[in-house]
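Each remark here refers to the structure printed beneath this line.
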Amino acid sequence: MDTDTEFEIEDASTAGDDLDADGFPISGDESEPKPPPIEDPLDESSSFASDFYRCGSDWSRLIEKKESKSLVQRDLFQVWGIKKPAMAEESKARVSSSNQRDLFEVWGIEKPRVSVPARKRARKEDGNGSGFGRARSCPFYKKIPGTPFTVDAFRYGSVDGCSAYFLSHFHYDHYGGLSKKWSHGPIYCTPLTARLVKMCLGVNPLHICPLELDIEHDIEGIKVTMLEANHCPGAALIHFRLRDERTYLHTGDFRACNLMQSHPLLASQHINVLYLDTTYCNPRYRFPPKEDVVSFVVRITRDFIAKHSKALIVVGAYSIGKEQVYIAISHALGLPIYTNSSRRRILQSFGWPELSGKLCTCGDSSALHVLPLSSLRHENLLDYMKTYKQRFTAVLAFRPTGWTYSQNTGNQLDLIKPTCKGNITIYGVPYSEHSSFPELENFVKFLRPDKIIPTVNVGNAATRDKMQSYFREWLKAL
DNA sequence: GCGATCAGCT
DNA sequence: CACAGCTGATCGC
């Protein structure tokens, strides 16, 4: 009956390499890691509890969109969602220089071609394990041993032995490689992520297999359950139970929280191997709770609006994520949310009435705008404000990312100093959608897995050793 | 001309 | 540093 083939986890290219205890190559960071030995099956098991669990909005409604459209925006006005105005000469020159138009053009000479050999230097190995670069083969920590499954492994073409490709969430460094030409196998993900894969990437729906959260699905004889990851909309932890009762949890990207620990699959059942999002696995990262950051943002916004009657509030965001920041401002101050049509389609596709109902299609209709994080620079924001003529006279912008966290500030958000240039004020706020170090510690101490495989910051052997030493400490016998 | 990918950058 | 991309150059169709 058990006819499925054991997943091919050995790469011929690395068959001779020495590996450390965690399955990473000892010889350096350039070579391909070899898989760790497969864990022995343990016998602990218990019946599947059918309780549902949610932490956040109901992210499960289905809205089908026919068209496929790229997220890629070519010009700032498109990003801003406004018509390109006839620009004043000085403004034009400024935009031109900030776009790094080269000196050769200014000098009026032809730009010399970069030689091909110079461009073909050794590619930098990516440190976060996302595996960019076609020549690489799929790293072991994206393969689930004992199954024909991979997680977030779309940029390696057809992965040997893989008959089901899981996508944890819709961020580029995880879905990279997916396109309308995808034909290497079925893609399993949450329904919300499935809609984005179809709508934004144009992947053939025949390949997309949505899995409802908190339902145990049987895929090729393996029991698979998607759990809310508290990361971005549609993000899931993926729980695998093999026929021999071996149990693996792949966190994708996640922010561990107490509510997660009440999920029946985590509360009362053993996990053999934990594939862990170790983005901030360093004791210096101790973010405040997201709620505290949101309250802070709302308070700063209130104060700013009290001082500037014609204020424009800008929240920076990637494709998806950080929604709670601008939803909270919108709610607290009674402002609709303006963003360009591309992002609007994405936000609409979530199927959250409380968000969809607040979106407006014209920038003049609201003082609350959502822009790409990359465009939150003083010069950009000044230009942006000017395109609305006299509608706005000052800008307050927020960059909500864990990277802005500083140890000096710690949890005292009031110590955060914005950068100000003229009427443009930019706050970096430590709103993280990844676990902080204490949150990782708490989660691991709660789960007590037999083995932990980090999936981020694995490009450096010293960092890997450091992380494993934290894991050992956390898992010490009580 | 278009889509995909790559190096470089934040 | 790099959360998750963005940009311009290049390559293949």
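Computed from a predicted model, the values in this text were never measured in an experiment. Letters go in sequence order (proteins before strands), and every chain restarts at 1.
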Looking only at side-chain N and O atoms, does [X] come under 4.0 Å of OP1 or OP2 in [N]?
X: H231(A); N: dA4(C); value: yes
X: T401(A); N: dA4(C); value: no
X: H434(A); N: dA4(C); value: yes
X: H171(A); N: dA4(C); value: yes

Over how many whole Å does the gap from [X] atom [atom1] to [N] atom [atom2] extend?
X: K322(A); N: dC3(C); atom1: NZ; atom2: C1'; result: 6 Å
X: L371(A); N: dT10(B); atom1: CG; atom2: P; result: 21 Å
X: D173(A); N: dG5(C); atom1: CG; atom2: P; result: 6 Å
X: D253(A); N: dA2(C); atom1: CG; atom2: P; result: 14 Å
X: L201(A); N: dC2(B); atom1: CG; atom2: C1'; result: 17 Å
X: L376(A); N: dG5(C); atom1: CG; atom2: C1'; result: 13 Å
X: L178(A); N: dG5(C); atom1: CG; atom2: P; result: 13 Å
X: K181(A); N: dC2(B); atom1: NZ; atom2: P; result: 16 Å

Using the side-chain heavy atoms of [X], tell me which of these nucleotides is nearest: [options].
X: S374(A); options: dC6(C), dC3(C), dC1(C); result: dC6(C)
X: R377(A); options: dA2(C), dT10(B), dG5(C); result: dT10(B)
X: Y285(A); options: dC1(C), dA4(C), dA4(B); result: dC1(C)
X: R284(A); options: dA4(B), dC3(C), dC1(C); result: dC1(C)
X: K180(A); options: dA2(C), dA4(B), dG5(C); result: dA4(B)

Sugar-phosphate only, base, or nothing, as touched by T404(A) at under 4.0 Å among non-hydrogen atoms: nothing
Validation row, ring centre F287(A) to ring centre Y431(A) under 6.0 Å: no
is_close_aromatic(Y318(A), Y172(A)), centroid dist under 6.0 Å: no
Donor-acceptor side-chain pairing of T193(A) and T190(A) below 3.5 angstrom: yes
Side-chain H-bond candidate by donor/acceptor type, D277(A) with H434(A), under 3.5 Å: yes
Cation-aromatic face contact R299(A)/Y427(A), 6.0 Å, 45 degrees: no
